[in-house]
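Have a look at the structure below, then the notes.
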Amino acid sequence: YITMNPYGSQMFNEWDGGMVIDQDNGRILTSVIGAGKKNSDNTSSGGVLGEVGKATDTTKETGILGFQKGVQSFSLLNDGTATFGTSSSGQIKIDGNTGVIKSAGYELNKSGTEINLTNATINTPRLWIDGKNSPYLKIADSKTAEKSYFEVGSSQVKMGDWTLDNNGK
């Protein structure tokens, strides 16, 4: 991974968070920089790099954020997380710290999908795959349902009321 020595640059050490332009050395320091366009409906489309406050609350995010017609459409944040798509159930959320990729629908109402790359699991409302602990697949009404439509584990297969174990019974 890459680290930055904050003491290696005198300009960075003296920076107070405001805008600093060093034309002689071709450097600019600023807390936010953006590029894009103003749309005919008075919304903006483009990207922002830096710390950005949300209009709905006092939360601030730091990273690279994209906007389409005034609505956030992606973010790559300095905390190791990212989102792609608007804040609907189809939005994709990635957490690089935990290895989890999920749709916003999974988080909101358990209608989407969650993929855990660390634990080798895939979860949806009616399908669960666990490849880490033992090979396991379940299709049911809910994850906690006692009766599943179809279930495959390391030692047996279940289909409705029928069970076939590794002895063929």
Side-chain angles (χ1 to χ4, degrees), residues 1-39 41-138 142-144:
Y1 63 92
I2 297 173
T3 60
M4 183 179 138
N5 177 1
Y7 305 105
S9 167
Q10 181 179 356
M11 183 179 175
F12 191 79
N13 285 335
E14 295 171 356
W15 183 46
D16 64 1
M19 182 180 287
V20 176
I21 300 173
D22 180 359
Q23 288 182 330
D24 296 336
N25 295 309
R27 297 180 194 165
I28 298 174
L29 290 177
T30 183
S31 59
V32 177
I33 189 165
K37 68 176 187 171
K38 189 80 164 201
N39 300 313
D41 61 356
N42 203 34
T43 61
S44 59
S45 296
V48 177
L49 172 65
E51 184 178 77
V52 178
K54 291 189 174 185
T56 55
D57 56 40
T58 59
T59 306
K60 293 186 177 187
E61 296 177 319
T62 303
I64 303 170
L65 293 88
F67 296 87
Q68 178 65 33
K69 294 191 174 185
V71 178
Q72 185 176 325
S73 55
F74 76 85
S75 67
L76 302 169
L77 302 181
N78 68 337
D79 65 0
T81 62
T83 59
F84 298 94
T86 59
S87 61
S88 65
S89 60
Q91 183 182 57
I92 299 168
K93 298 181 173 195
I94 300 172
D95 188 331
N97 303 302
T98 62
V100 172
I101 302 169
K102 61 183 154 187
S103 64
Y106 184 83
E107 205 169 65
L108 295 172
N109 55 21
K110 304 293 184 205
S111 65
T113 301
E114 176 186 73
I115 302 169
N116 188 317
L117 302 171
T118 304
N119 295 331
T121 59
I122 299 173
N123 296 307
T124 69
R126 296 176 187 262
L127 171 69
W128 297 270
I129 300 172
D130 183 344
K132 185 176 182 181
N133 300 317
S134 65
Y136 181 76
L137 167 73
K138 180 178 181 179
S142 69
K143 192 171 187 175
T144 57

4.5 Å side-chain heavy-atom contact, [X] and [Y]:
X: Thr83; Y: Thr81; answer: no
X: Ile92; Y: Ile101; answer: yes
X: Val100; Y: Glu114; answer: yes

Please report the closest heavy-atom contact between [X] and [Y], naming both atoms and the distance.
X: Gly53; Y: Lys60; value: CA-CG, 3.9 Å
X: Val32; Y: Val48; value: CG1-CG1, 3.5 Å
X: Gly70; Y: Thr43; value: N-CB, 3.8 Å
X: Ala104; Y: Lys93; value: CB-CE, 4.3 Å

Which value, rounded to the nearest 0.5 Å, describes the distance between [X] atom [atom1] and [Y] atom [atom2]?
X: Ile115; Y: Lys102; atom1: CD1; atom2: NZ; value: 12.0 Å
X: Asn39; Y: Lys69; atom1: CG; atom2: NZ; value: 6.5 Å
X: Leu29; Y: Asp22; atom1: CG; atom2: CG; value: 8.5 Å
X: Leu77; Y: Ile94; atom1: CG; atom2: CD1; value: 11.5 Å
X: Phe84; Y: Ser103; atom1: CZ; atom2: OG; value: 14.5 Å

- Does atom CG of Leu117 have more than 12 heavy-atom neighbours, drawn from other residues, nucleotides or ligands, at distances under 6.0 Å?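 Counting neighbours around CG of Leu117, more than 12 heavy atoms of other residues, nucleotides or ligands fall under 6.0 Å, so yes.
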
- Message: If we check side chain to side chain contact (heavy atoms under 4.5 Å, CB included) with Leu49, which of these qualifies: Ile33, Thr30, Leu65?
- Response: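 Of all the options given, the one that passes is Ile33.
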
- Do side-chain atoms of Glu51 reach the backbone of Thr62 as a donor and acceptor pair under 3.5 angstrom?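 No, the answer is negative, given that no donor and acceptor are paired below the 3.5 Å cut-off.
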
